[in-house]
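Reviewing the structure listed below.
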Amino acid sequence: MANSKKVLLTGGAGYIGSHTAVELIQQGFDVVVLDDFSRSEKRMVDGIERITGRKVVCYQGSCTDEKFLDTVFSKENFDSVIHFAAYKSVNESVQQPLLYYQNNVGSMTALLKAMEKFHVNEIIFSSSCTVYGEPDRIPVDESAPFKKAESPYGATKQMCERILEDCIQANQPLRSVSLRYFNPVGAHPSALIGELPIGTPSNLVPYVTQTAAGIRQKLTVFGNDYNTPDGSCMRDFIHVVDLAKAHVMALQKVVALENRNEVFNLGTGIGVTVLDLVKRFIKTTGIPLNYEVGPRRAGDVEKIYADPAKAANILGWRTQLSLEDSLLHAWQWEKQIRGIK
């Protein structure tokens, strides 16, 4: 299917960016990746090329660097931007708030300046369910108010959405879609791209797979005294390929959307506890897992899962892959990168 749109993916070599690049290329979009490779690796770009059979244009540099962005925008004639470039560890953001404000908010302001300068008017923003804080009711729909964010990471996502809102008020041609992800997990079924944490993983599933592979000694489940069926935190785990497909649909519809500043929750609508996920990993893969329950962790929300009806109604998007698919694909990816048979 031919598509003439040229799309810039900031943070395009990261976990969600790389999977989105694959889906966009397979739908005929012309994709350009920009990444500083501080939290990602070049092999992800190789993986995109191997899956799609297409060479990918890739620029290395920081999305907070205005001169660098001007250089890239002046060379390429972009129609749209998908903005993934952000640090994403809740725990790290609690320990290093300034790093998160500087990178996550700074990259958004620099990017919007470049977009305005070069007349690029479509942006899809990689947001997060952390914007809701500890919600009053679940499942959460898009009308839920922003509560005080539980972490600086969550606060940066709230701020970036506010910046988009303000810029749209000020700049008539600009159109944005903020996609509020719940918990992306899994890997591409080819096992050529997947989640590749630098150092100790801050996300649950890579920690699970690294423990299963013997890289980590044991997995700690943070807290067993929350108000959930088994006392562990409850989340909405969504396969990264389903998530990537939502970006394609958002990009295809951004021009036609009634609201120039639109938001969508991306989740399955099903709450799964951390302990349940661990047990389902063991059952799905047949791999034993050394885990223990530890104390609660700062910045963690007790329970949150999505009401994804709006994305279904307006974008026509629904999840297709199960949690078992996610866990199996994550384990296949882990085995591939570790050379485990």
Side-chain angles (χ1 to χ4, degrees), residues 4-21 24-25 29-42 44-45 48 55-88 93 98-128 152-153 155-179 198 244 247-248 250-251 254-255 260-261:
S4 56
K5 271 193 176 180
K6 183 181 276 194
V7 191
L8 173 65
L9 269 57
T10 69
Y15 176 39
I16 299 159
S18 59
H19 287 81
T20 303
L24 286 166
I25 292 165
F29 287 87
D30 188 0
V31 167
V32 175
V33 166
L34 183 157
D35 208 295
D36 67 359
F37 295 99
S38 65
R39 304 284 171 109
S40 57
E41 290 187 18
K42 298 264 170 62
M44 298 297 273
V45 179
I48 297 166
K55 192 89 184 109
V56 175
V57 175
C58 181
Y59 290 90
Q60 182 169 354
S62 171
C63 203
T64 60
D65 182 340
E66 291 181 20
K67 282 185 180 169
F68 168 67
L69 288 178
D70 281 357
T71 304
V72 175
F73 272 76
S74 61
K75 280 185 188 169
E76 308 285 347
N77 192 19
F78 295 121
D79 298 292
S80 322
V81 175
I82 306 183
H83 182 39
F84 295 106
Y87 297 154
K88 62 176 187 178
S93 79
L98 288 180
L99 180 71
Y100 273 67
Y101 291 118
Q102 184 176 12
N103 184 71
N104 294 8
V105 180
S107 63
M108 176 61 93
T109 55
L111 184 62
L112 285 167
K113 276 187 189 175
M115 287 176 66
E116 189 169 33
K117 188 171 178 180
F118 292 91
H119 311 291
V120 182
N121 295 319
E122 297 172 12
I123 180 167
I124 312 296
F125 173 53
S126 168
S127 192
S128 164
Y153 165 74
T156 66
K157 293 299 184 183
Q158 290 180 340
M159 285 176 196
C160 286
E161 284 202 29
R162 173 66 194 265
I163 290 165
L164 284 170
E165 198 181 314
D166 291 343
C167 288
I168 283 165
Q169 289 288 321
N171 174 10
Q172 287 307 311
L174 188 64
R175 303 184 76 92
S176 81
V177 175
S178 293
L179 299 176
I198 309 288
H247 293 75
V248 180
L251 203 55
V254 64
V255 176
R260 291 194 301 117
N261 181 35

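Excluded from the calculations below are hydrogen atoms, water molecules and symmetry mates; all remaining heavy atoms, backbone and side chain alike, are included.
- Other residues, nucleotides and ligands place more than 12 heavy atoms under 6.0 Å from the CD atom of Q60.
- By the 4.5 Å heavy-atom criterion applied to side chains, V56 and I25 are counted as neighbours.
- Here S178 contributes atom OG and K157 contributes atom NZ; the two are 9.5 Å apart, rounded to the nearest 0.5 Å.
- Annotation for F73 and V120: closest pair CE2-CG2, 3.8 Å, computed over non-hydrogen atoms.
- Here the CG-CG distance, from N171 to D166, works out to 12.0 Å after rounding to the nearest 0.5 Å.
- Considering only heavy atoms from C-beta on, T109 stays 4.5 Å or farther from K113 through its side chain.
- Closest heavy-atom contact between R175 and V254: NE-O, 2.9 Å.
- The closest side-chain heavy-atom distance from L111 to I123 is below 4.5 Å.
- In this structure, CG in N103 is found 7.5 Å from CZ in R39, a value given to the nearest 0.5 Å.
- Between L174 and L112, the closest side-chain pair of non-hydrogen atoms falls below 4.5 Å.
- Here F68 contributes atom CZ and D36 contributes atom CG; the two are 8.5 Å apart, rounded to the nearest 0.5 Å.
- Within 6.0 Å of CD on E116 lie no more than 12 heavy atoms contributed by other residues, nucleotides or ligands.
- Closest approach of T64 and S62 over heavy atoms only: OG1-OG, 2.6 Å.
- The shortest distance between side-chain heavy atoms of L24 and K5 does not fall below 4.5 Å.
- Using a distance-only test at 3.5 Å, with no hydrogens or angles considered, no donor-acceptor pair links the side chain of K88 to the main chain of Y153.
- Separating the CD1 atom in I163 from the CZ atom in F125 is a distance of 8.5 Å, to the nearest 0.5 Å.
- Using a 4.5 Å heavy-atom threshold, the side chains of I82 and S80 count as separate.
- Summarising the geometry of Y101 relative to A155, their closest heavy-atom pair is OH-CB, 3.6 Å, with the distance given to 0.1 Å.
- The aromatic rings of H247 and F84 sit tilted, their planes meeting at an angle between 30° and 60°.
- The line from CZ of R260 to SG of C167 is 11.0 Å long, rounded to the nearest 0.5 Å.
- Closest non-hydrogen pair, Y59 versus E76, comes out as OH-OE2, 2.6 Å.
- Considering only heavy atoms from C-beta on, T156 stays 4.5 Å or farther from Y87 through its side chain.
- For the pair I198 and S38, the tightest heavy-atom approach, listed with the atom from each and the gap, is CG1-O, 4.2 Å.
- Taking the side chain as every heavy atom from C-beta outward, T10 and S107 never approach each other to under 4.5 Å.
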Residues 12-20, side-chain donor-acceptor partners within the protein, below 3.5 Å, at least two apart:
unit_1 : atom_1 : unit_2 : atom_2 : d
Y15    : OH     : V185   : O      : 3.2
Y15    : OH     : G186   : N      : 3.2
Y15    : OH     : G186   : O      : 2.6
S18    : OG     : G14    : O      : 2.8
S18    : OG     : Y15    : O      : 3.0
H19    : ND1    : Y15    : O      : 2.7
H19    : NE2    : H188   : N      : 3.0
T20    : OG1    : I16    : O      : 2.9

